[in-house]
Protein chains: 4
Amino acid sequence: MARPLSPEKRNALLVAATHAVAEQGVLASTASIARRAGVAEGTLFTYFENKDVLFQELYLHLKDELAETIMPDYPSEADFRLRLEHVFQHYVRWGVANTAGRLAIARLSASGQLWDETRTKGMEPFLAVSQMMEEAVQSGVLLDAPIAFLYSIIERIADTTIEFVERQPDNAERHRQLGFHAAWRAITP
Amino acid sequence: MARPLSPEKRNALLVAATHAVAEQGVLASTASIARRAGVAEGTLFTYFENKDVLFQELYLHLKDELAETIMPDYPSEADFRLRLEHVFQHYVRWGVANTAGRLAIARLSASGQLWDETRTKGMEPFLAVSQMMEEAVQSGVLLDAPIAFLYSIIERIADTTIEFVERQPDNAERHRQLGFHAAWRAITP
Amino acid sequence: MARPLSPEKRNALLVAATHAVAEQGVLASTASIARRAGVAEGTLFTYFENKDVLFQELYLHLKDELAETIMPDYPSEADFRLRLEHVFQHYVRWGVANTAGRLAIARLSASGQLWDETRTKGMEPFLAVSQMMEEAVQSGVLLDAPIAFLYSIIERIADTTIEFVERQPDNAERHRQLGFHAAWRAITP
Amino acid sequence: MARPLSPEKRNALLVAATHAVAEQGVLASTASIARRAGVAEGTLFTYFENKDVLFQELYLHLKDELAETIMPDYPSEADFRLRLEHVFQHYVRWGVANTAGRLAIARLSASGQLWDETRTKGMEPFLAVSQMMEEAVQSGVLLDAPIAFLYSIIERIADTTIEFVERQPDNAERHRQLGFHAAWRAITP
DNA sequence: TATGAATGAGGTTTCATTCAT
DNA sequence: CATGAATGAAACCTCATTCAT
């Protein structure tokens, strides 16, 4: 079966794309991404049909990575607050440890080049979280609002928290607590 | 460069750029912007040195527009909560009435093409707000956190609010109240 | 109105394309055509939307050129044989004087890249000829066959004649007479 | 190169190439030909040194196929007219039954990519025909002209005949007679 | 030998910018 | 100053060919 498609090469391309997009946004050239990944320009196109598709797959890859940080030891039995704090703090942890990934997601998300379908697919791995929030809304623990609204608020406050942890790493712990408290207060009655 | 002959033309270019960037992000071509503005391709470059500069000036222009919505009847004598609510609700009002402008700001802000200097300049018209927040922190009304952190949270919750008002215009009033309450609770002890 | 599109430049591009296509067929690169025409690579695309369109327009341009050789002093009052001989001999004259043009037409025509619409349009300037042939068929001077069939035969014999005139220029006159006699006998009962 | 392992594969490639060239001319990609033949991209190059060589061999292969239709029961003892009619009608028969092959020959022949050597080689299997014509010229049955000229005329009229038989299959017989009569009249005094 | 991923030169086209009009 | 044709670097992508498997 000749040389099989190499997962390492595909990964190298995604990593290269992550950094390129983090730095230059969607203006990053396919040539620069290939160079960074250490493959020929043409090779990029055996792994990704075209630049647009590369961006969609990159977004999904990063979301999956994030999900893998958050979901594995998600405490599905704990109380709502602990579960949310788990999500929040793991989100922040990933964001801090993964500046490029976080930036790339933000750049792609706001670029105007992301397909609706991609955005929707990117939410799938977090299904358990939104289900939990739905329950929490019904039980009166969370504000009576669309969960997308509540989720969005948490996400935004987490993003802000990440930024401040990065700006002042010494105060990391304080910002993370501040951040979660703000988020929790924001979405509870 | 200093005082171009036609403020109308400059404005038409900024309006065109707003819509083009809202739709296609920084990949919008200068030609498409000029066409939209009803001027020749080359004319764009007599009003803006190059594409990068156009983007910086567009960002500042939009921030100024936003400031003009928020600041004129800012109730500098009212209590902190009222002042903040003024800012929040006017921000939301502008955002809802100015989808393209809001999107363009978001796209530029996350594009990786915005200069730090531009970002800083964009905050100047809102000086009174941050001063107020600083006082509020000192007087214990707001959380003891960097005001940039608090401001960022408000901004993000306001953005989220705008999105939901746009998605469900019928529930506009409810979302605006929900939004402000969430923001207020998030940043107060 | 700035610099107007230059007919000279457009013509230079068509001439360059004629020679490039005559030499290398549709594999001729747009870059090589632009270089030959003495313009920048990008300029080609301000005159022709893309390579395909260039080829269609080139074909029509060459057909027009041919028509201008044949049609101006077309003896519409002469008898059928004289009229046909006029067409035949002028066709041959143009072909001999215009090797590149003739080759380019042949290459394009057999390339599989020519649109049906283009082929149809290319026949318009020769309307008077096909009308004459139709009359001649009805009056019994020509074979009772589709005129397209008859026309095609004349064309092919003329092409063959051109080739032999080119191979043996000394026998030009003889070949031209031979060619027309063959054609005339072929299509008359 | 000399004796490839699988004549079936080589043949599949030639058949695939015939159809690909008939449809897209010399712009047909080697990948598309390989796919059509049901072999891997690289395999094409174990059977044909490169794309150019593939085209030359394809042309010769098709000419051989044509020769095999015409030559086997060539009536070498019949009179000139019958012999020529045999050639003409078998040529037409092959062309009608082999649209792709006929088109491929035409595309290659006019592509500008065919080597002179290839064109010459392609005429070899028809040697008997040109010898017969030479005799016929000498005996005064055919026009006193270069036999290449006469042959070319027959070929062109046969091509035209094929086209019209394809366009109007109902009139096949009529067109074939019309065609041969035209050809015969064209080349006899 | 057959496969198809890998390569990178080169193809077409876009586009920011310049400059003749 | 306004125009838009002209420019050519550079973008994306294709594709003939090579080569590891």
Side-chain angles (χ1 to χ4, degrees), chain A residues 1-6 9-10 13 26-35 37-54, chain B residues 1 3-6 9-10 26-35 37-54, chain C residues 1-6 9-10 26-35 37-54, chain D residues 4-6 9 26-35 37-54:
Chain A
M1 209 242 287
R3 216 177 318 187
L5 279 171
S6 145
K9 221 158 259 181
R10 191 188 134 93
L13 281 163
V26 292
L27 294 177
S29 75
T30 53
S32 79
I33 293 171
R35 200 179 322 119
V39 303
E41 288 189 43
T43 300
L44 190 150
F45 296 94
T46 71
Y47 287 87
F48 305 96
E49 204 181 326
N50 55 42
K51 199 188 178 184
D52 265 9
V53 167
L54 165 62
Chain B
M1 257 284 304
R3 236 181 290 162
L5 216 70
S6 159
K9 229 160 246 181
R10 189 187 134 94
V26 292
L27 294 176
S29 73
T30 54
S32 79
I33 293 170
R35 199 180 323 120
V39 303
E41 290 183 45
T43 301
L44 190 151
F45 294 92
T46 70
Y47 288 88
F48 305 97
E49 202 181 327
N50 57 42
K51 201 187 179 183
D52 267 4
V53 167
L54 165 62
Chain C
M1 213 243 287
R3 217 176 317 187
L5 279 171
S6 143
K9 221 156 262 181
R10 191 188 135 92
V26 290
L27 293 177
S29 76
T30 52
S32 78
I33 294 171
R35 199 178 324 119
V39 303
E41 289 189 40
T43 300
L44 188 152
F45 295 93
T46 71
Y47 287 86
F48 306 95
E49 204 180 326
N50 54 45
K51 199 186 178 184
D52 266 7
V53 168
L54 166 62
Chain D
L5 215 71
S6 159
K9 229 159 248 183
V26 291
L27 293 178
S29 71
T30 53
S32 79
I33 293 170
R35 198 179 323 120
V39 304
E41 291 182 43
T43 302
L44 190 150
F45 295 92
T46 70
Y47 288 88
F48 304 96
E49 199 181 328
N50 56 42
K51 200 185 177 184
D52 267 5
V53 167
L54 165 63

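Order of the sequence lines fixes the chain letters, A, B, ..., with proteins taken first and strands second; residue numbering starts at 1 for each chain. All figures in this text were calculated on a predicted structure; none of them were measured in a lab. For the numbers below, each heavy atom of this structure counts, side chains included, while hydrogens, waters and symmetry mates do not.
- Taking each heavy atom of C:L5 and C:T46 in turn, the nearest pair found is CD2-O, 4.2 Å.
- One atom, CZ of A:F48, and another, C1' of F:dC12, lie 16 Å apart when rounded to the nearest Å.
- C:T30 has a side-chain polar atom (N or O) that falls below the 4.0 Å cut-off from OP1 or OP2 of E:dT12.
- The side chain of C:R3 approaches E:dT21 more closely than any other nucleotide in the set E:dT21, F:dT3, E:dT7.
- Comparing F:dT3, F:dT7, F:dA16 by their nearest atom to the side chain of D:K51 picks out F:dA16.
- Taking the side chain of B:N50 as heavy atoms from C-beta on, and the options E:dA6, F:dC13, E:dT17, the nearest nucleotide is E:dT17.
- The backbone N or O of A:L54 lies less than 3.5 Å from no partner atom in the side chain of A:Y47, so there is not a single donor-acceptor pair.
- Rounding to whole angstrom units, CD1 of residue B:I33 and P of E:dA16 are separated by 8 Å.
- If you check distances only, the side chain of A:E41 never reaches the base of F:dC12 with a donor-acceptor pair under 3.5 Å.
- Nearest-nucleotide positions on DNA chain E place A:K9 closer to the 5' end than the other of C:F45 and A:K9.
- How far OG1 of B:T30 is from CZ of B:R35: 10.0 Å, rounded to the nearest 0.5 Å.
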What would the secondary structure line of DNA chain F be in dot-bracket form, counting Watson-Crick and G-U wobble pairs under 3.5 Å, with [ ] for pairs that cross earlier ones and | for pairs with another strand?
.||||||||||||||||||||
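- Place C:G42 and A:G38 on DNA chain E by their nearest nucleotides, and A:G38 ends up nearer the 5' end.
- In terms of position on DNA chain F, the residue among D:A28 and C:V39 whose nearest nucleotide sits closer to the 5' end is C:V39.
- Nearest to the side chain of D:L5, among E:dT1, E:dT13, F:dT3, sits E:dT1.
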Evaluation steps, side chain to side chain contact (heavy atoms under 4.5 Å, CB included), between D:L44 and D:V39:
CA-CA 8 Å; D:L44 190 150; D:V39 304; 5.5 Å; no
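- Here E:dT12 presents its C1' atom at 13 Å from CD of C:E49, a figure rounded to the nearest Å.
- Listed candidates were F:dA16, F:dA5, E:dA6. Nearest to the side chain of C:Y47 is F:dA5.
- Between A:T43 atom OG1 and A:L13 atom CG the span is 7.5 Å, to the nearest 0.5 Å.
- Minimum heavy-atom separation, B:E41 to B:A34: CA-CB, 3.8 Å.
- F:dT17 atom C1' lies 10 Å from atom CG of D:L44, rounded to whole Å.
- Minimum interatomic distance between B:N50 and B:V53 (heavy atoms only, all atoms of both residues): OD1-N, 2.9 Å.
- At a threshold of 4.0 angstrom between heavy atoms, the contacts of C:T43 include nucleobase atoms, whether or not backbone atoms are also involved.
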